[in-house]
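All values below were derived from every heavy atom in this structure, side-chain atoms included, with hydrogens, water molecules and symmetry-related copies excluded. Please read all numbers here as calculations on a predicted model, not as lab measurements.
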Amino acid sequence: MRPRFITIKVILFAICTLASFAAIVAVLQIHDLSPISRYSLCALFCLIALFCVYKVYCLFHRKSVFHKGLYHVTDLDGIDGIDFEQIVCDILVENGFELAESTQASADFGVDVLALREGISYAIQCKRYDSPVGLEAVQQVYAGRAYYECHVALVLTNQYFTSGAKKLADKIGVVLWDRDTLEQLL
């Protein structure tokens with residue numbers, strides 16, 4: 001099962017491409033336009049279709065700016081939360097995940113990154129903190145996993161977890177990756 005975010009992008013790509021080709025056919029059948037106008041509109045719709053193909057290609061062939069061995073976990077301590085989410089996507093791809101994509105910054109339902117590895121979908125909550133991560137992150141990603149229909153709920157942080165967070169995660173099946181695990185991924 002692939003995460004829903006991939007399916008939505010593929011469907012949008014198909015709709016845009018079909019709409020572009022339908023528009024080309026419609027423009028070619030309008031006889032009131034001069035031939036130059038008809039062919040100009042067709043060229044515009046072809047460019048739109050090519051753009052759609054390019055965006056889907058980029059989705060499935062995203063190049064990582066992260067390379068293993070170049071960073072230490074202390075390098076991640078000073079970046080902001082949004083940049084942390086982006087680099088987590090790159091770290092995951094570099095470590096064998098086929099896809100890793102950030103969700104919307106707002107209304108993410110407790111999930112910052114959606115990832116796919118060997119057919120297993122992951123809902124990931126990223127916490128770039130200066131102190132231990134509490135059980136709220138575990139609760140949020142657990143709910144977000146259900147919303148995004150993912151197999152695994154995971155919290156990844158540059159710090160460690162409180163004992164309450166560890167107990168809750170163990171009880172409800174949320175995976176915790178702390179500073180030590182992040183260091184191994186780097």
Side-chain angles (χ1 to χ4, degrees), residues 1-14 16 51-130 133 136-161 165-166 169 172-186:
M1 177 179 148
R2 291 180 163 226
R4 187 170 36 181
F5 71 100
I6 297 171
T7 306
I8 291 171
K9 287 190 175 184
V10 170
I11 290 170
L12 287 175
F13 159 74
C16 289
F51 177 75
C52 291
V53 168
Y54 169 75
K55 292 306 278 184
V56 169
Y57 176 82
C58 288
L59 171 69
F60 289 104
H61 296 90
R62 183 172 174 244
K63 297 289 183 207
S64 174
V65 296
F66 168 82
H67 298 288
K68 278 182 89 77
L70 293 179
Y71 294 95
H72 188 269
V73 74
T74 55
D75 297 326
L76 305 180
D77 290 339
I79 64 176
D80 69 19
I82 302 294
D83 290 339
F84 184 67
E85 292 171 14
Q86 290 299 318
I87 201 157
V88 163
C89 290
D90 292 340
I91 290 167
L92 294 172
V93 169
E94 189 72 15
N95 281 279
F97 283 75
E98 290 96 31
L99 289 170
E101 182 178 272
S102 292
T103 60
Q104 291 178 289
S106 62
D108 61 15
F109 299 98
V111 174
D112 299 314
V113 172
L114 294 170
L116 182 68
R117 182 176 190 168
E118 298 174 0
I120 299 170
S121 56
Y122 293 78
I124 303 170
Q125 172 77 264
C126 298
K127 293 295 184 188
R128 209 270 334 131
Y129 277 8
D130 296 324
V133 177
E136 298 84 18
V138 175
Q139 293 169 332
Q140 291 172 359
V141 77
Y142 183 75
R145 181 206 57 80
Y147 177 79
Y148 286 104
E149 300 175 359
C150 292
H151 297 111
V152 178
L154 186 145
V155 182
L156 181 132
T157 183
N158 66 319
Q159 293 298 322
Y160 295 97
F161 295 94
K166 291 177 186 176
I172 63 176
V174 172
V175 178
L176 301 179
W177 286 0
D178 62 11
R179 188 175 187 86
D180 297 334
T181 307
L182 182 59
E183 182 66 36
Q184 292 173 5
L185 293 172
L186 295 174

Taking all non-hydrogen atoms of both residues into account, name the closest pair between His151 and Arg145 and its distance. O-CD, 3.9 Å
Roughly how far, to the nearest 0.5 Å, is CG of Leu182 from NE2 of His72? 10.0 Å
Within-4.5 Å side-chain heavy-atom neighbours: Val113 and Leu154: no
Geometric class of the Phe109/Tyr148 ring pair [parallel <30°, tilted 30-60°, perpendicular >60°]: perpendicular
As an exercise, state the distance from CG of Asn158 to CG of Asp75, rounded to the nearest 0.5 Å. 11.5 Å
Please round to the nearest 0.5 Å and tell me the distance separating atom OH of Tyr142 and atom CD1 of Ile172. 6.0 Å
Tell me, with the steps shown, if Arg179 and Asp77 meet salt bridge (charged side-chain N to carboxylate O under 4.0 Å, His left out). CA-CA 10 Å; Arg179 188 175 187 86; Asp77 290 339; 2.7 Å; yes
Any sub-3.5 Å donor-acceptor pair from Gln159's side-chain atoms to Tyr129's backbone N or O? yes
Non-hydrogen atoms of Val138 and Ala165 that approach each other most closely: CG2-O, 3.8 Å
Residue pair Glu98 / Glu118, side-chain heavy-atom distance below 4.5 Å: yes
With rounding to the nearest 0.5 angstrom, report the CG to CD distance, Leu114 to Glu149. 11.5 Å
Under 3.5 Å, side chain of Asp112 to main-chain N/O of Glu85, donor-acceptor pair present? no
Side-chain touch Phe161/Val155, heavy atoms, less than 4.5 angstrom: yes
Ile91 vs Phe97 side-chain heavy atoms within contact, under 4.5 Å: no
Nearest-0.5 Å distance that lies between atom NZ in Lys127 and atom CG in Asp178: 16.0 Å
Looking only at heavy atoms, which two atoms of Ala115 and Leu92 are closest? And how far apart? CB-CD1, 4.2 Å
What closest approach, in Å, do Trp177 and Val175 show between heavy atoms, and which atom pair accounts for it? NE1-CG1, 3.4 Å
Give the minimum heavy-atom separation between Cys150 and Ser121, together with the two atoms involved. CA-OG, 3.2 Å
Rounded at 0.5 Å granularity, tell me how far CD in Glu94 sits from CG in Leu185. 11.0 Å
